[in-house]
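The chains referred to below are lettered A, B, ... by the order of the sequence lines, with proteins before strands, and numbering in each begins at 1.
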Amino acid sequence: MSALGYYLERAGIATTGISLVREHTAQLQPPRSLWVSFPLGRPLGIPNDAEFQHAVIKAALELFEEASGPVLRDYPIDAPEVAIESAPACPVNFQRQSGSWQDRLASELALISPWYEIGLDKRAGRTLVGASTSHIHEILQRFGEDLDAHRIPADLKWFKASIEDAKTYYLEALSAEPGQYNARQLYRKLWHETELGRALGLFHAMFMDHPQRAGFARILLPRDALRRIDDTLS
Amino acid sequence: MVRLSDLPHDEQAHLTGKALPPLRPPVWTTPIEPLKNMRLALITTAGLHLRGDPLFEFADGTYRPIPNNTAPGDIIMSHSSVNFDRTGFSEDINLVFPVDRFRELLDQGMVGSLADFHYSFMGAGLEPQAFEKGAAQVAGLLKQDQVDAVFLTPV
């Protein structure tokens, strides 16, 4: 982000914007930045809170009034995390499935797909699923086939897009009901209670064991999930 | 509240592991117009693009245009990093790409106009210099669009 601000400004376009990692911005010194204490992934702070977002934007736009720079200003307001007790309860009661990976993933998909559809209604039809060219049924079927054969997927480009879609599908299903969710709770459920989380944990281990493909493992699981990976693998 | 010091040590180490020398020489462009007359574009490094556009690769310095009138449902994300929260963006596109907020500022007369095109990069796994070429190209496109200033959002 800092680099883009710098290069655009060098080309004569004035810039202002949000900084999420203050240490990076302080080192690179782009012309104008507003550092916010919000979690990574949430540069405007709180979803569906136009007033909060407008206040952040206003503070960043005010940096255009500065006479010289670089300017790195700290935004003084935090975005409080949603309390787990006040977040809607998870609509799906996940239970360990048995059988082959194909069967386990298919059973879980049958459980979760109605909630994805409900979430789609809540979001007025908007979904982030769609990076992959394949439907979720095909995605999980192919994941299951590879895991049952204990082999690394052959088409890594397809696999990268498909793991993105599968995770997004689950997260949108888990947050199908109206209300503000605790993001860490949603991810914890995904990684530690679902067959998909276990499947991706197993893929991660398989990639880590592969001398030429180990680098791919890091886009499978977040560092947060890796800290507890031993608990997730079957 | 999330500050770097609140994160686990390995998370902190990853985010601060590299020494990043200041971008030099210093640059500074003073806006010619007051905010209420400015034409603004949004640029994000969240790896957003239109449904059907080429996905961003593992490490990728290219960019994707996003027309100003794009419906939120037509925008998806193919960012390589798995170490940030996507659930907020699923709920509200404006959390990362605040196009509705800027339309409201336009309606209120707080900004002059919005660009015909906004742009998205994918900020992961590359040195700052890897964005120099793409940023120069986008700067040319922004000037063609008569854009005065840019609002930048990371992810």
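Ring geometry for Tyr116(A) versus Tyr169(A): interplanar angle under 30°, hence parallel rather than tilted (30 to 60°).
Side chains of Ile13(A) and Thr29(B) form no contact here, defined as non-hydrogen atoms less than 4.5 Å apart. Residues Phe143(A) and Pro153(A) have side chains not in contact (no heavy-atom distance under 4.5 Å, counting atoms from C-beta outward). Side-chain contact between Phe121(B) and Asp60(B): absent, with no pair of heavy atoms (C-beta onward) separated by less than 4.5 Å. Side-chain contact between Ile152(A) and Phe159(A): absent, with no pair of heavy atoms (C-beta onward) separated by less than 4.5 Å. Between Arg51(B) and Thr127(A) there is a side-chain heavy-atom pair separated by less than 4.5 Å. Side-chain contact between Leu196(A) and Leu190(A) is present, with at least one heavy-atom pair separated by less than 4.5 Å. Here the side chains of Phe97(B) and Ile66(B) are in contact, with some heavy-atom distance below 4.5 Å. Using a 4.5 Å heavy-atom cutoff, the side chains of Trp158(A) and Thr133(A) are in contact.
Only the side chain of Arg123(A) has a heavy atom closer than 4.5 Å to any heavy atom of chain B. For chain A, the nearby part of Leu55(B) is the side chain; its heavy atoms alone come within less than 4.5 Å. Interface remark: Arg101(B) contributes backbone and side-chain atoms alike to the contact with chain A (heavy atom separation under 4.5 Å). Leu23(B) touches chain A through backbone and side chain together, each having a heavy atom under 4.5 Å away. With a 4.5 Å cut-off on non-hydrogen atoms, Tyr187(A) touches chain B through its side chain but not through its backbone. Using a 4.5 Å cut-off between heavy atoms, Glu164(A) touches chain B through its side chain atoms alone. Proximity to chain B is absent for every atom of Gln180(A), based on heavy atoms less than 4.5 angstrom apart. For a residue to count as touching a neighbouring chain, one of its non-hydrogen atoms must lie under 4.5 Å from one of that chain's; by this rule Asn94(B) touches chain A with backbone and side chain alike. Contacts of Ala67(A) with chain B are made by backbone atoms alone, with heavy-atom separations under 4.5 Å and no side-chain atom involved. Looking at Met110(B), there are no atoms closer than 4.5 Å to chain A (heavy atoms on both sides), in backbone or side chain. The contact between Thr153(B) and chain A is made by backbone and side chain atoms together, counting heavy-atom distances below 4.5 Å. No part of Lys58(A) comes within reach of chain B, as not one of its non-hydrogen atoms sits under 4.5 angstrom from that chain. No part of Leu174(A) comes within reach of chain B, as not one of its non-hydrogen atoms sits under 4.5 angstrom from that chain. Neither the backbone nor the side chain of Tyr119(B) comes within less than 4.5 Å of any heavy atom in chain A. Residue His49(B): no heavy atom, backbone or side chain, is found under 4.5 Å from chain A. Neither the backbone nor the side chain of Glu127(B) comes within contact range of chain A, judged by heavy atoms closer than 4.5 Å. Within the 4.5 angstrom heavy-atom criterion, only backbone atoms of Ile75(B) (N, CA, C, O) approach chain A. Only the backbone of Pro21(B) comes within contact range of chain A, judged by heavy atoms closer than 4.5 Å. Neither the backbone nor the side chain of Pro34(B) has a heavy atom closer than 4.5 Å to any heavy atom of chain A. Contact of Phe58(B) with chain A is made through backbone and side chain together, with heavy-atom distances under 4.5 Å.
To the nearest 0.5 Å, atom CG of residue Asp100(B) and atom CG of residue Leu106(B) are 12.0 Å apart.
Among the candidates Met77(B), Arg86(B), His79(B), Glu57(B), the residue making the largest number of heavy-atom pairs closer than 4.5 Å to chain A is Arg86(B). Ranked by heavy-atom pairs shorter than 4.5 Å toward chain B, the options Ala14(A), Gly17(A), Ala3(A) are led by Ala14(A). In terms of heavy-atom pairs under 4.5 angstrom with chain A, the leader among Ala135(B), Ala136(B), Ala130(B) is Ala135(B). Interface check for chain B: of the options Thr15(A), Ile219(A), Val56(A), Leu186(A), the most heavy-atom pairs under 4.5 Å are formed by Ile219(A). Per-residue heavy-atom pair counts under 4.5 Å with chain B were compared for Lys167(A), Lys122(A), Arg184(A), and the maximum is reached by Lys122(A). Between chain B and the options Thr168(A), Leu28(A), Val129(A), Ile163(A), the largest number of non-hydrogen pairs under 4.5 Å is found for Leu28(A). Looking only at heavy-atom pairs under 4.5 Å with chain A, the residue among Leu95(B), Asp148(B), Val27(B) that has the most is Leu95(B). Chain B forms more heavy-atom pairs under 4.5 Å with one residue of Gln29(A), Arg10(A), His54(A) than with any other, namely His54(A). Counting heavy-atom pairs under 4.5 Å between each of Gly69(A), Ser175(A), Gly119(A) and chain B puts Gly69(A) at the top. Heavy-atom pairs under 4.5 Å with chain A were tallied for Asp85(B), Val155(B), Val96(B); the largest tally goes to Asp85(B).
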I would like to know whether Ser19(A) and Ser33(A) meet side-chain hydrogen bond (donor to acceptor under 3.5 Å, both in side chains); could you show each step before the answer?
CA-CA 6 Å; Ser19(A) 160; Ser33(A) 301; 5.7 Å; no
Walk me through whether Leu105(B) and Leu61(A) qualify under side-chain contact (heavy atoms from CB on, under 4.5 Å).
CA-CA 11 Å; Leu105(B) 291 177; Leu61(A) 292 175; 4.0 Å; yes
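Between Phe131(B) and Gly61(B), the shortest heavy-atom distance links the atoms CE2-CA, 4.2 Å. Pairing each heavy atom of Ser134(A) with each of Arg142(A), the nearest pair is OG-NH1, 4.2 Å. Among all heavy-atom pairs drawn from Ile57(A) and Phe102(B), the shortest one is CG2-CZ, 3.7 Å.
A cation-pi arrangement is present between Arg126(A) and Phe89(B) under the rule of less than 6.0 angstrom and at most 45 degrees off the ring axis. Phe216(A) does not carry Arg218(A) over the face of its six-membered ring by the limits of under 6.0 Å from the centre and within 45° of the normal.
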